[in-house]
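Values below: all heavy atoms of this structure, side chains included; hydrogens, waters and symmetry mates excluded. Residues take their numbers from the sequence shown, with the count starting at 1.
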Amino acid sequence: MATGHGPERPVEELLEFIGPPTRIGFGRLIGEPPDSPAVEACIAAYRDVYADALWETRSYPGVPEAVRELAGDGWTLAVATSKPAHFAEPVLRAIGLRDAFAVVAGPGLHATADKTETVGEALRGVGGRAVAMIGDRRYDIAAARAHALRALGVLWGFGSSEELTEAGADELLECPAELVSWAAGAHPPPTR
């Protein structure tokens, strides 16, 4: 995969840049400050392509069913993403799950809010009632810890079991059905 700045890098090396806010990820990728013109050019080029490509987003197998089951069981669901809300909303519509989430929290197009801030926004959106943060990267686990939430690491995303364990995940879930089982066992939905 070409970066436009330096030699091609293997996909495995690029996975490190998935998870942090876009400006920070691109800044690290090309070795420039997040507010540099070079990072701005990368973001502009990426967003030009992504604005159309996001409609082709596919969900991980089992996620739609798990989300629908959790929502049907009375859980109030929220999304806290490093992806700008401007893109997160249509991605959820593209995979047919927007209606399952009470809140979609993400930074503005030009923001560099970290995951902890975004989780705080999502928590405010659900009235501060939350049980767990579910995520696939260390940023998610750190945000869960910062807000005193259970930190559930999921292995169907970009992070590895090593990354999530090292970050302090309370539990690792192999597949979306395990999330539903976790929620069903001794974890009743918060009172509405």
Side-chain angles (χ1 to χ4, degrees), residues 11-22 24-25 54 56-85 87-89 91-107 113-123 125-126 129-190:
V11 171
E12 299 76 30
E13 187 180 314
L14 297 175
L15 293 177
E16 176 64 26
F17 304 103
I18 298 173
T22 307
I24 293 170
L54 68 84
E56 297 172 22
T57 301
R58 301 290 173 255
S59 180
Y60 286 101
V63 168
E65 297 82 1
V67 166
R68 294 272 178 224
E69 190 166 343
L70 291 169
D73 287 346
W75 289 92
T76 299
L77 306 178
V79 171
T81 179
S82 294
K83 183 186 304 300
F87 293 118
E89 292 274 352
V91 165
L92 287 169
R93 285 194 301 275
I95 61 177
L97 290 175
R98 176 58 188 97
D99 65 314
F101 295 94
V103 174
V104 177
D114 70 9
K115 185 56 78 82
T116 299
E117 293 172 66
T118 305
V119 170
E121 178 186 341
L123 282 168
V126 297
R129 296 179 324 270
V131 174
M133 169 72 183
I134 297 125
D136 67 340
R137 298 304 311 264
R138 67 179 173 269
Y139 313 101
D140 303 314
I141 304 306
R145 293 271 171 247
H147 290 285
L149 300 171
R150 295 283 299 167
L152 303 178
V154 300
L155 299 177
W156 59 82
F158 290 103
S160 66
S161 60
E162 293 80 18
E163 174 184 344
L164 295 166
T165 300
E166 196 173 284
D170 293 308
E171 295 180 52
L172 297 180
L173 305 174
E174 298 264 343
C175 65
E178 286 186 8
L179 175 58
V180 174
S181 296
W182 178 89
H187 303 287

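Listed here is the closest heavy atom pair of Arg145 and Ala169: NH2-C, 4.2 Å. Across all their heavy atoms, Val119 and Ala80 have their closest contact at CG2-CB, 3.8 Å. Closest approach of Ala151 to Ala144, counting heavy atoms only: CB-CB, 3.7 Å. Residues Arg129 and Thr76 approach most closely at NH2-OG1, 4.5 Å, considering heavy atoms. Summarising the geometry of Ala88 relative to Val104, their closest heavy-atom pair is CB-CG1, 3.9 Å, with the distance given to 0.1 Å.
Interatomic distance, CG of Leu123 versus OG1 of Thr118, reported as 11.0 Å (0.5 Å rounding). Note that NZ of Lys115 is 12.0 Å distant from CD of Glu121, once rounded to the nearest 0.5 Å. Within the model, atoms CG of Leu70 and CD1 of Ile134 stand 7.5 Å from one another, a figure rounded to the nearest 0.5 Å.
Among residue pairs with one or both ends in residues 157-168, those qualifying as side chain to side chain donor-acceptor pair (under 3.5 Å) are Arg137-Glu163, Ser160-Glu162; sequence neighbours excluded.
Looking at heavy atoms from C-beta onward, Leu164 lies in side-chain contact with Ile141 at the 4.5 angstrom threshold. For the pair Pro64/Leu97, a side-chain contact is recorded, criterion being any heavy-atom separation below 4.5 Å from C-beta on. A 4.5 Å side-chain heavy-atom check between Phe101 and Val67 finds at least one atom pair inside the cut-off. A heavy-atom distance below 4.5 Å is not found between the side chains of Val180 and Arg68. The closest side-chain heavy-atom distance from Pro176 to Tyr60 is not below 4.5 Å. Using a 4.5 Å cut-off on side-chain heavy atoms (C-beta onward), Val154 and Leu179 make no contact.
No donor-acceptor distance shorter than 3.5 angstrom exists from the side chain of Asp170 to the backbone of Leu152, with no hydrogens or angles considered. Between the side chain of Arg58 and the backbone N or O of Glu56, at least one donor-acceptor pair lies under 3.5 Å.
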